[in-house]
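None of these values were measured; they are calculated from a predicted model. Numbers restart at 1 for each chain; the letters A, B, ... are given by sequence-line order, proteins then strands. Worth knowing before you read on, the calculation uses all heavy atoms, side chains too, and leaves out hydrogens, waters and symmetry mates.
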Amino acid sequence: MAVDTKSKSGKISVLSDDLLGLILNHVPNKDDRKSFSEVCKQWLRVEGLNRSSLCFDKPEIPLAALTRFPNLVHFETWKLTTDTDLKFIAQTCPQIEVTNYGSHFLGRKGLWALGNGCPRLSKVSLFGNRIGNAAVFALVNSAHSLTSLEFRCNCFISDPVLRAIGSATYITTLEFTSCCNITDLGLGFLANGCVSKTLKRLVLEEIKGITDTGVELLRKMCSLEQLNVSYRLSNHWPQLKITDIGGVAISAIQTLKELRLCLEGISDATIVALAENCINLEILDLKGCHEVRGDGIRAFSSHKCLKHLVLLGLGDFDLSDVESIALGCPLLESVVVDLSLRLDPAWSSELMHDRTKSVIKFSQVSY
Amino acid sequence: MKKISVRTSDGQEFELEENLAMESATIKTSLDAFSRDDIILLPNVNSWEMVKIIEFFTKVQELETKFGVKFMEKKEGRFLEAFQAEFDKDLSDDNLYCLLWTVDYLGIEVLLENLCHLMAERTKNKTVESCRNLFGVQHDYTPEEEAEIREDYSWAFEGPEIEE
């Protein structure tokens, strides 16, 4: 095939920005994109315009560098940021939908500017102790597309924040990890608010202020599909007061597909209730539930939906309990048990059915 | 089915089925403006490019009949990976570049998406200089500017892969 007269060195030698952008959509590799940006000034500009995801993880990166990437959708930063910075970020990158901020003091003005300036903002993760109630109120009230909120290691926010979130009907994901000022009162606000109708995913990890009273209210979450209530017993913190009372109440949430209940106070009574009521359950993680035994595990032996079961840290069960699950659950893909059992002669693979061999996984318990 | 006649830059005439001709936004605009009986002039399109475009449409129709999926309507470009390799191997770098430009000009979305993918494949693992040659781009940085860009923005290319 002959190259025609309209060759590269002829009158048409430059591809439009749009076309270059279309090509760049098919170049995800960072090294390739780096080469791309060094070809010429137009390509540098297009690479910046085409970039949708960025992370500022070094303190020396100037915030002004963001102006090269106005179409960012996903932005993360670990630098110390002020309210003025947030305003700048919102003005420069109005398309942001997902964002993470760590270890900052962020106030009302900054989060308001963010919510207002980024109309598509849907997922926000806030790490660190310097974000208080007023700031979160500002965010919830200004970010009308917000569907997902995550708080980690924050002992400033407290129950009133959950009241504000509770009345937000559009939130589908809420995650709290190590937030020491959340109590049963806060859970009550969530359970009694309109968010109880829309919430699909709820994480309450290392929340020492909650008890059975609060957890019982979670049965009002009528759309919940993923629930994580976990608490590692540690020397520094008191034992969490969640028992089978809370556990059995959770089993009333029939929409559950994924459940992580890593709690010392849970025993067979909860597991039996879960097996009976949570007919849609696909993933069950009972890591660290020392009180759960063989009887509880066997309760799942005719469950139609169970796919993944985690039994790390459990002590009182044997191979026959696992076999009853393996042989009785048609959709089962994995059962995770402690690595130490691999050396136990009672767990030798010669004693296992083929089906059990295909699903059993030995893993290190990591706390 | 009505046939639409087009004439390429080197004087050759082609007859396209109406529904295929309408896949080109540019041809569609011309048809709306003028009578369908007139020949549409495409001075920016060469005959070999037209042949390639018709080859693409023919193959798509074949696949649609075989799989029963309306690729063009659903813009399911990824299913066409099956014959992308075949389509690609006859095209030199220069030819792919020209075809890309032409298809962009004609506004044929599905084919454009495929060609962008093929072009992107050819830029992978290439040095900056090879990319310049591939696209016939002028080097417009001074050595100082180039070093500055590399240093100032190296952080933007570190870390995990970009999710698009």
task = Check each atom of B:Glu145 against the heavy atoms of chain A and say whether the ones under 4.5 Å are side chain, backbone, both or neither.
result =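 Interface part for B:Glu145: side chain.
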request  = Identify which part of B:Asp104 has an atom lying under 4.5 Å from any heavy atom of chain A, answering side chain, backbone, both or neither.
outcome  =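 The side chain, not the backbone.
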When rounded to the nearest 0.5 angstrom, what is the spacing between [atom1] in [X] and [atom2] in [Y]?
X	Y	atom1	atom2	answer
B:Met119	A:Leu15	CE	CG	7.0 Å
A:Glu47	B:Phe157	CD	CZ	4.0 Å
B:Leu100	A:Leu19	CG	CG	4.5 Å
B:Arg150	A:Ser37	CZ	OG	9.0 Å
A:Arg33	B:Thr123	CZ	OG1	10.5 Å
B:Gln138	A:Lys41	CD	NZ	12.5 Å

query = Measuring heavy-atom distances to chain B, does A:Ser16 have an atom under 4.5 Å in its side chain, in its backbone, in both, or in neither?
reply = side chain
ask   = Using non-hydrogen atoms only, which part of A:Phe69 is less than 4.5 Å away from chain B: side chain, backbone, both, or neither?
value = side chain
Which atom names give the shortest non-hydrogen contact between [X] and [Y], and what distance separates them?
X	Y	result
A:Cys40	B:Tyr141	O-OH, 3.3 Å
A:Val39	B:Arg132	O-NE, 2.7 Å
B:Lys126	A:Asp32	N-OD1, 4.4 Å
A:Leu22	B:Leu112	CD1-CD2, 3.6 Å

task = Might you work through the side chain to side chain contact (heavy atoms under 4.5 Å, CB included) test for A:Leu54 and B:Trp155, ending with a clear yes or no?
result = CA-CA 10 Å; A:Leu54 204 56; B:Trp155 55 265; 3.9 Å; yes
request  = Carefully, step by step, assess A:His26 and B:Glu113 under the rule side chain to side chain donor-acceptor pair (under 3.5 Å).
outcome  = CA-CA 9 Å; A:His26 295 273; B:Glu113 200 51 46; 2.9 Å; yes
task = Verify, without hydrogens or angle tests, whether A:Arg51 (side chain) and B:Ala156 (backbone) share a donor-acceptor contact under 3.5 angstrom.
result = yes
message = Is it the case that over 12 heavy atoms from other parts of the model lie below 6.0 angstrom from the NZ atom of A:Lys123?
response =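 Atom NZ in A:Lys123 is not crowded, with 12 or fewer foreign heavy atoms closer than 6.0 Å.
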